[in-house]
Amino acid sequence: MRRPLLSSSSTLPRRRFATAVAAVPLALLTACTAGSPGPTAAEGGRASSVSVRTAYGTVEVPAAPRRVVALGDTALDSTLALGVEPVGTLSSRGGNAVSPYLAGKVPGTALVGTVAETNLEAVAAARPELILAASGTPREQYDALKAIAPTVVPEPARFGDWESETRTVAAALGKEAEAERLLDGIEQRAEGIAGGRSADGTGTAVVVRWMATGPVILSSALMPGRLLKLTGDRISPAAAFTGKPHTDPLSLENLGEIDADRIYLTTLNADGEKALAAAEAQPAFARLRAVRTGSVDVVDGDVWSSAAGPLAAAEVLDDIERLRTAA
């Protein structure tokens, strides 16, 4: 059985509704469902619909859908990686647009809400044939979305297993073989990076997100931690936890908990950057082993601490390879 490579979905807050189901204009719902292929058997020798296993049972979705709404970071990343530009998606957490690493790939994609709030009217107005919802989407939201178009919510997976969500997206898009090639390529590239390292170049590593309230250690079960392990690093014991994306914020007095041979440091906003700048002036920060050896690398917080998917994994591997070469 293929082992998973590396969910971000567990880091996302439960979505609220910007509009109730009843508030969606009936004409919009009718326009969406009337133009979507039904679960008919076959046309011209090819199935017009396919069955996809989801968190809410088997769902019939159109074969080769052309109008797709991707709700959630992993759904969007995976859809784009498989060569499909959605007609609608959500803005990234804390932003008013998609994550910058994906921005150039969605020139014609409408925003239909935020990570915290899906706008049902906007989803309906996009006239989707298929809605790809995030893992963990609650039943109430699923029921509202499936009234607009067939909706796929990935089945629950082991904490950190974003690949299963990518595979569900691929099944809904009829691109399972392409997804397996992508995932195999990520694993092979990571192992190639590990093979090119000498024993002297390995050490402990930790991913830290600095926030206004202090630094948090990201779980090694999330995508960056798993990729670091695949590329030859030993994971810091402080990051060896599962079930939650990160620790509680650490005080300056407890900065020793993030000590490692290499620290990958992220921020998500100006407040985090300001807090980091203040911490860098503190003796406790200067005493960290990675700081003393010049092994603190600032990386993109949108990718390293919020995203997951084939494209995000490629970005993380780019960073790891670039930073290790520079060292």
Side-chain angles (χ1 to χ4, degrees), residues 1-11 50 52 64 68 70 72-86 89 98-106 132 134-135 152 154-155 157-198 201-202 205 207 218-235 264 297 299-300 302-326:
M1 183 173 68
R2 180 182 302 277
R3 73 178 187 274
L5 287 176
L6 317 167
S7 145
S8 67
S9 58
S10 62
T11 69
V50 296
V52 180
V68 177
D73 293 334
T74 305
L76 176 59
D77 183 304
S78 301
T79 301
L80 291 170
L82 292 167
V84 176
E85 182 186 343
T89 192
V98 300
S99 293
Y101 84 100
L102 296 176
K105 302 180 186 298
V106 289
L132 300 171
S135 177
V152 169
E155 294 180 286
R158 185 180 62 183
F159 178 79
D161 176 16
W162 62 266
E163 301 95 323
S164 64
E165 186 167 346
T166 294
R167 289 187 171 105
T168 300
V169 168
L173 296 175
K175 293 178 176 287
E176 294 97 327
E178 292 95 323
E180 292 308 319
R181 284 195 293 270
L182 283 171
L183 296 175
D184 285 345
I186 291 166
E187 184 169 11
Q188 290 165 12
R189 184 181 174 198
E191 291 174 348
I193 294 172
R197 301 180 69 187
S198 66
T202 62
V207 183
L218 300 191
S219 168
S220 61
L222 298 179
M223 185 188 71
R226 294 173 62 197
L227 283 171
L228 286 168
K229 186 174 181 180
L230 276 176
T231 56
D233 277 313
R234 300 191 310 275
I235 299 302
Y264 292 91
D297 297 310
V299 291
D300 186 343
D302 283 315
V303 176
W304 279 71
S305 67
S306 293
L311 297 177
E315 293 271 341
V316 171
L317 289 175
D318 285 347
D319 286 340
I320 292 172
E321 195 165 35
R322 171 179 56 82
L323 292 167
R324 287 180 181 167
T325 301

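- Counting heavy atoms from C-beta on, the side chains of Asp297 and Trp304 never come closer than 4.5 Å.
- Checking side-chain atoms of Ser78 against main-chain N and O of Ala75 turns up no donor-acceptor pair under 3.5 Å.
- With sequence neighbours excluded, no residue satisfies salt bridge (charged side-chain N to carboxylate O under 4.0 Å, His left out) with Glu176.
- In this structure a side-chain-to-backbone donor-acceptor pair under 3.5 Å is missing from Ser99 to Tyr101.
- Checking each of Val316, Val299, Leu228 against Val207 for a side chain to side chain contact (heavy atoms under 4.5 Å, CB included) leaves exactly one that passes, namely Leu228.
- Nearest heavy atom pair, residue Glu155 against residue Ser135, reads O-OG, 4.4 Å.
- Distance OG1/Thr79 to CG/Leu173: 5.5 Å, rounded to 0.5 Å.
- Between Arg189 and Leu230 the shortest side-chain heavy-atom distance does not fall below 4.5 Å.
- Taken from OH in Tyr264 to CG in Asp319, the straight-line distance is 8.5 Å, to the nearest 0.5 Å.
- Residues Leu80 and Pro86 meet the side-chain proximity criterion, which asks for heavy atoms closer than 4.5 Å.
- Looking at heavy atoms from C-beta onward, Leu227 lies in side-chain contact with Ile186 at the 4.5 angstrom threshold.
- Of the listed residues (Leu82, Leu311, Thr166), just one forms a side chain to side chain contact (heavy atoms under 4.5 Å, CB included) with Leu182, and that residue is Leu82.
- Atom NZ of residue Lys175 and atom CZ of residue Arg181 lie 9.5 Å apart, to the nearest 0.5 angstrom.
- Listed here is the closest heavy atom pair of Leu132 and Ala172: CD2-CB, 3.7 Å.
- Distance check: Leu102 CG to Glu85 CD gives 11.5 Å after rounding to the nearest 0.5 Å.
- Leu218 is not listed as a side-chain neighbour of Pro224, based on a closest heavy-atom distance of 4.5 Å or more.
- No donor-acceptor pair under 3.5 Å is formed between the side chain of Ser220 and the backbone N or O of Gly225.
- Distance CD/Glu187 to CG/Leu183: 9.0 Å, rounded to 0.5 Å.
- Between Asp77 and Trp162 the shortest side-chain heavy-atom distance does not fall below 4.5 Å.
- Here the closest heavy-atom approach between residue Ala179 and residue Ala170 is recorded as CB-CB, 3.4 Å.
- The CD1 atom of Ile193 sits 10.5 Å away from the CD atom of Glu191 when rounded to the nearest 0.5 Å.
- Applying the salt bridge (charged side-chain N to carboxylate O under 4.0 Å, His left out) rule to Asp302 yields no partners; only residues at least two apart in sequence or on another chain are considered.
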Candidate pair Val98 and Leu76, rule side chain to side chain contact (heavy atoms under 4.5 Å, CB included), full reasoning: CA-CA 9 Å; Val98 300; Leu76 176 59; 4.0 Å; yes

